[in-house]
Amino acid sequence: MKQTKLWMVAAIMTLCGTSFNLSGCKEERVAILPVSGTLEEAFPTDSAPLIVHEAMNYAFMDRYENILDDKENHVSVWSLVNCNPGISSEGYGIIVVKDKESTKLPDIYHGKNPQARYDAQKGVLWLTCGVMEGTGVLVEKLYMLRFSEDNMAHIVSSIDPYDMQQTICKRLGYSIDGERITFYEGERELCVSTNHTTDMGGFDEEQPIWIGEQISYELSGDDPYVRVVPGVKFTTGLVLTYDDMPTFAACVDLQDDESFDIDELESVVLD
């Protein structure tokens, strides 16, 4: 019996690198750190200049750009581009038309590339508008509209980018090993990205991974999908870098009371 026990101890010592500490056989857990958010608060309520309100009472002419023309369901959406010839709308103004009934929404800030899609089965008009746009920056707000019996459109719910950022910050984590950045949702590994930037002084020691500057939406499917791209902060430079960074997407479930949730995050490859 003693010989049998000695043989078992010898086998364990061999497997664990001749260590008497059996806990040394356990796999070392990776320290998963939370990402940080660049947006510090919710965006203020949109309020268009008076000239935008006035312009939306004039004839269409060349003032609008069509962003949705759903002929099957008789729904179209238009964004105001020019208040008058040579006078910009400053990114404000949406008109929704259903069965020839027009709803003017002058106070919606739509940005440069708004998108819209009508889901006839659910009776929902989805609208995404850029609230921050620039080099390396695309932050969108998601709106859900419904139609009343007289075919007038009403905003019933929306998601502020700050609220979406905070939701994703609770889910998305990372670990760094050399130049390899591994992303996780909880403890589930999403993907690994390798940093190839060599002239920025290395990763910021305090907080190298951020989200918030790139939060957008995809409306081509049955439900809207949020897309987020994390950025890297280095020890030099004042802006986040998005080279070599993945895109994460998740299906969005938005309710009429403005509550929302997202499905599991997935790493996606964009066309």
- Query: Would you say the side-chain atoms of Asp257 pair up with the backbone N or O of Ser259, donor to acceptor, closer than 3.5 Å?
  - Reply: yes
ask   = How about Glu101 and Asn151: does a side-chain donor come under 3.5 Å of a side-chain acceptor?
value = no
Contacts of Asp70 meeting side chain to side chain contact (heavy atoms under 4.5 Å, CB included) (sequence neighbours excluded), chain-then-number -> Leu68, Glu72, Asn73, Val75, Tyr118
What one should report as the nearest heavy-atom pair of Ser158 and Tyr143 is CB-CD2, 3.9 Å
Minimal heavy-atom distance between Ala153 and Leu145, with the atoms involved, is CB-CD2, 4.1 Å
The reported gap from OH in Tyr242 to OG1 in Thr197 (rounded to nearest 0.5 angstrom) is 13.0 Å
Salt bridge (charged side-chain N to carboxylate O under 4.0 Å, His left out) filter on Glu90, not counting sequence neighbours, yields none
task = State whether the side chain of Gln165 and the backbone N or O of Thr38 hold a donor-acceptor pair below 3.5 Å, judged by distance alone.
result = yes
Look only at the side chain of Gln214 and the backbone of Gly136, and say whether a donor-acceptor pair between them is shorter than 3.5 Å.
-> yes
Correct closest heavy-atom pair for Ala249 and Arg227 would be CB-CG, 4.2 Å
Contact between Ile155 and Met144 at the side-chain level, heavy atoms closer than 4.5 Å - yes or no? no
Stepwise side-chain contact (heavy atoms from CB on, under 4.5 Å) test for Asp107 and His53: CA-CA 8 Å; Asp107 290 320; His53 288 259; 3.1 Å; yes
Is there side-chain contact between Phe248 and Leu172, with at least one heavy-atom pair below 4.5 Å? yes
Q: Keeping the roles fixed (side chain from His110, backbone from Gly130), state whether a donor-acceptor pair exists under 3.5 Å.
A: no
Practice prompt. State whether a side-chain donor-acceptor pair under 3.5 Å links Ser76 with Trp78.
Written response: yes
Heavy-atom closest pair (Cys169 atom, Gly37 atom, distance to 0.1 Å) is SG-N, 3.9 Å
* Taking the side chain as C-beta and beyond, is there a heavy-atom pair between Arg171 and Tyr184 under 4.5 Å? -> no
query: Should Pro161 and Val139 count as side-chain neighbours, where that means a heavy-atom distance under 4.5 Å?
result: yes
When rounded to the nearest 0.5 Å, the distance separating CD1 of Ile95 from NZ of Lys104 is 6.5 Å
Using a 3.5 Å distance criterion without hydrogens, assess whether the side chain of Thr236 forms a donor-acceptor pair with backbone atoms of Met200. yes
Test side-chain contact (heavy atoms from CB on, under 4.5 Å), reference Phe147, set Leu125, Asp99, Val124, output is Leu125
### Query
Do His74 and Val97 have side chains that get closer than 4.5 Å, going by heavy atoms?
no
Next on the checklist: Run Glu264 and Glu185 through side-chain contact (heavy atoms from CB on, under 4.5 Å) and show every step you take.
Outcome noted: CA-CA 8 Å; Glu264 289 186 342; Glu185 181 175 18; 3.7 Å; yes
State plainly whether one hydrophobic cluster holds both Leu219 and Ile262, where clusters connect Ile, Leu, Val, Met, Phe, Trp and Tyr through side-chain heavy atoms under 4.5 angstrom apart. yes
(message) In this structure, is the centre-to-centre distance between the rings of Phe203 and Phe234 below 6.0 Å?
(response) yes
Quick check: are there more than 12 heavy atoms from other residues, nucleotides or ligands sitting under 6.0 Å from CG of Asp222? no
Query - Asp46 side chain to Tyr109 backbone, donor-acceptor under 3.5 Å - result: yes
Close side-chain approach of Val77 to Ile94, heavy-atom, < 4.5 Å | yes
Q. Are Ile176 and Thr182 close enough that some pair of their side-chain heavy atoms sits under 4.5 Å apart?
A. no
- Same cluster for Ile211 and Phe260 if Ile/Leu/Val/Met/Phe/Trp/Tyr side chains link at under 4.5 Å? yes
* Arg188 with Glu266: basic N within carboxylate O range, under 4.0 Å -> yes
Q.
A side-chain contact here means heavy atoms from C-beta on lying under 4.5 Å apart; do Val81 and Tyr64 qualify?
A. no
Report task. Show the numbers, then the answer: is there a side-chain contact (heavy atoms from CB on, under 4.5 Å) between Met245 and Val232? Result -> CA-CA 8 Å; Met245 288 295 97; Val232 179; 3.6 Å; yes
Do Asn195 and Arg180 get their side chains close enough for a donor-acceptor pair, meaning under 3.5 Å? no
Query raised in the report: Does Val229 belong to the same Ile/Leu/Val/Met/Phe/Trp/Tyr cluster as Leu142, with side-chain heavy atoms less than 4.5 Å apart forming each link?
Result: yes
### Query
side chain to side chain donor-acceptor pair (under 3.5 Å) between Asn113 and Gln115: does it pass, once the steps are laid out?
CA-CA 7 Å; Asn113 295 292; Gln115 302 177 70; over 6 Å; no
- [ ] Determine, using the 4.5 Å side-chain heavy-atom cutoff (strictly less than), whether Ile87 and Val52 are members of one ILVMFWY cluster.
- [x] yes
Review point. Under a single-linkage definition using a 4.5 Å side-chain heavy-atom cutoff for Ile, Leu, Val, Met, Phe, Trp and Tyr, are Ile215 and Tyr225 assigned to the same hydrophobic cluster?
Key: no
Taking the side chain from Asn82 and the backbone from Pro85, do they hold a donor-acceptor pair closer than 3.5 Å?
-> no
**Prompt:** Would you say Arg63's side chain and Cys83's backbone share a donor-acceptor pair under 3.5 angstrom?
**Reply:** yes
Correct closest heavy-atom pair for Glu189 and Val192 would be OE2-CG2, 3.5 Å
Value for SG (Cys251) from CG (Asp223), rounded to nearest 0.5 Å, stands at 4.0 Å
Evaluate the side-chain contact (heavy atoms from CB on, under 4.5 Å) criterion for residues Leu138 and Met132: first the C-alpha distance (whole Å), next the side-chain angles of each, then the deciding distance (0.1 Å), finally the verdict. CA-CA 6 Å; Leu138 176 57; Met132 285 179 57; over 6 Å; no
Requested in this report: Report yes or no: does Ser157 contribute a side-chain atom to a donor-acceptor pair with the main-chain N or O of Glu258 at less than 3.5 Å?
Outcome: yes
Please determine if Arg146 and Asp119 form a salt bridge, counting it only when a charged side-chain N lies under 4.0 Å from a carboxylate O. no
Subject >> Ser267 side-chain N/O to Leu190 backbone N/O, donor-acceptor pair under 3.5 Å >> reply: no
| field | Ring-ring centroid check Tyr174 Phe183, cutoff 6.0 Å | value | no
